[in-house]
Protein chains: 2
Amino acid sequence: MSKPRTRIQQRNSEAILDAALEVFSQHGFRGATLDQIAEVAGLSKPNLLYYYPSKEAIHVALLSGLLDTWLDPLREMDPAGEPVEELLAYVRRKLELSRDFPRESRLFANEILQGAPRIQEAIEGDLRTLVQEKAAVLTRWMDEGRIARVHPVHLIFSIWALTQHYADFDVQVHAVLGPAEPDPYPEAHLYLETVFRRLLAV
Amino acid sequence: MSKPRTRIQQRNSEAILDAALEVFSQHGFRGATLDQIAEVAGLSKPNLLYYYPSKEAIHVALLSGLLDTWLDPLREMDPAGEPVEELLAYVRRKLELSRDFPRESRLFANEILQGAPRIQEAIEGDLRTLVQEKAAVLTRWMDEGRIARVHPVHLIFSIWALTQHYADFDVQVHAVLGPAEPDPYPEAHLYLETVFRRLLAV
DNA sequence: CCTGCAATTGACCGTCCGGTCAAATATTCA
DNA sequence: TGAATATTTGACCGGACGGTCAATTGCAGG
């Protein structure tokens, strides 16, 4: 992307991306407006377009870094490590991502819900490749009898689904648990650890 | 809602709701346009507004019936039944809902992602009540030693997350599995059955 | 056939949207 | 300081949006 030179450029383009993340993640691409983003960022609309040439450019700038960040925890899963602990560490890292970056998770969810028009090639490329690669590792672990045999790709899907649920359906989670339980993550962590320990035990 | 009297009203208001489901589920409320819905429905825009007074009214009409349909499988979970089989039956019914009504699932996901502005009270009311009620049943089963002890509400969350993932993230699922595996549901069913059998085994 | 109501639509309205532009203001640096 | 450059903005544009309305067409029953 564009490299901000001055401090003002640095500060403003960051403020824009942060505001855009806020708005895009809540309303999706078409539902978000430049005026909204400008207001959240504390800038005028023409000033937004001084830093980014179009609404789409802002969206692309947000998405471009996102997929890598999102997949990093999976990349860190070490083929040479202890299988169950590696998988549980992945679950934990992914859950922390949901807790600490829920807007990013919702931005991604919105993009996928809308058919992934802007990151389809990345999904069919990098993401698919990485998943297939890690699925091969999982299969090897199963062949070696170190974890139970299940469909490796669906195993990865289930980690995504379970962890992202707490970010994407945050409103529902809090509504069901009630105001007495303001932070569901400690319980979620315990629960998910149980789920995958029992699933993978040989 | 309004009771359609004539066959024409029946046919058209159904066509409108079907078209609106298509468009809303893909673009969210703000991202959808009446012209788009009208085109999909094969009607003129003023004709849409002859059957429904506003864009919001269409959206509300769609959502009003949805939550009940969505929760029905959970309601059917029989407190007098065999615990593991009841839970697995719930998982299966929920997964079939994802397979057969993916647009409804995405509509719901969109609404929650956007903060559930139009169904928050229903979520904090009916949905919360039902979940708490069924969580009590699960807790009783755990007390009786008929299923393993885990957090009952998170158990329900995990069923939602795992089953809805296949509808909401459909694009990603197919991209990762590739064109060789056009229908992920048989494998998903097997996988989820394994997950919950192992999780709940005493 | 006619009457009366149901259904449909072209034309239109005010507003909002993404984006442009020229002018004004701040900042940098020789 | 002053010239050059970076930043900011009010005013505006064309098109799309949600919604209205008067007028037309379709249709059922007497």
Less than 4.0 Å between a side-chain N and a carboxylate O, is that true for B:E56 and B:R118?
-> yes

Identify all pairs in which a protein N or O lies below 3.5 Å from an N or O of nucleotides 13-20 of chain C, and state each distance.
from	atom 1	to	atom 2	distance (Å)
C:dG18	OP1	A:A32	O	3.1
C:dG18	OP1	A:K55	NZ	2.9
C:dG18	OP2	A:L34	N	2.7
C:dG18	N7	A:K45	NZ	3.0
C:dG19	OP2	A:K55	N	2.7
C:dG19	O6	A:K45	NZ	3.4

With A:D100 via salt bridge (charged side-chain N to carboxylate O under 4.0 Å, His left out) - residues at least two apart = none

Please produce a list of atom pairs where a protein N or O lies less than 3.5 Å from an N or O of nucleotides 25-30 of chain D.
none

Residues that B:F24 engages under ring-ring contact (aromatic ring centres under 6.0 Å, His included), provided they are two or more places apart | B:F29, B:H59

Which residues share a ring-ring contact (aromatic ring centres under 6.0 Å, His included) with B:W160, sequence neighbours left out | B:F157

Looking at [N], I'd like to know if its phosphate oxygens (OP1 or OP2) sit under 4.0 Å from a side-chain N or O belonging to [X].
X: A:N47; N: D:dT7; result: no
X: B:Q9; N: C:dA7; result: yes
X: A:Y50; N: D:dT8; result: no
X: A:N12; N: D:dA6; result: no

How bent is the helix from C:dC1-D:dG30 to C:dA30-D:dT1, comparing axes over its five end pairs at each side, to the nearest 10°?
->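 About 10°, once rounded to a multiple of 10°.
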
Compute the centroid of each ring, for B:Y166 and then for A:H154, and state whether the two points are separated by less than 6.0 Å.
-> yes

Between D:dA16 atom P and B:H27 atom NE2, what is the distance in whole Å?
-> 16 Å

Which whole-number value in Å describes the distance from A:L48 CG to D:dT7 P?
->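 Answer to the nearest Å: 15 Å.
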
Do you know the tightest heavy-atom contact between [X] and [Y]?
X: B:A19; Y: B:I37; value: CB-O, 3.5 Å
X: A:R128; Y: B:L177; value: NH2-O, 3.5 Å
X: B:A148; Y: B:A201; value: CB-O, 3.6 Å
X: A:P184; Y: A:H174; value: CD-NE2, 3.8 Å

What do the steps show when you test A:R99 against A:D183 for salt bridge (charged side-chain N to carboxylate O under 4.0 Å, His left out), and what is the final call?
-> CA-CA 9 Å; A:R99 192 227 299 150; A:D183 181 8; 5.9 Å; no

Heavy-atom count around B:E181 CD within 6.0 Å, excluding the residue itself: above 12?
-> yes

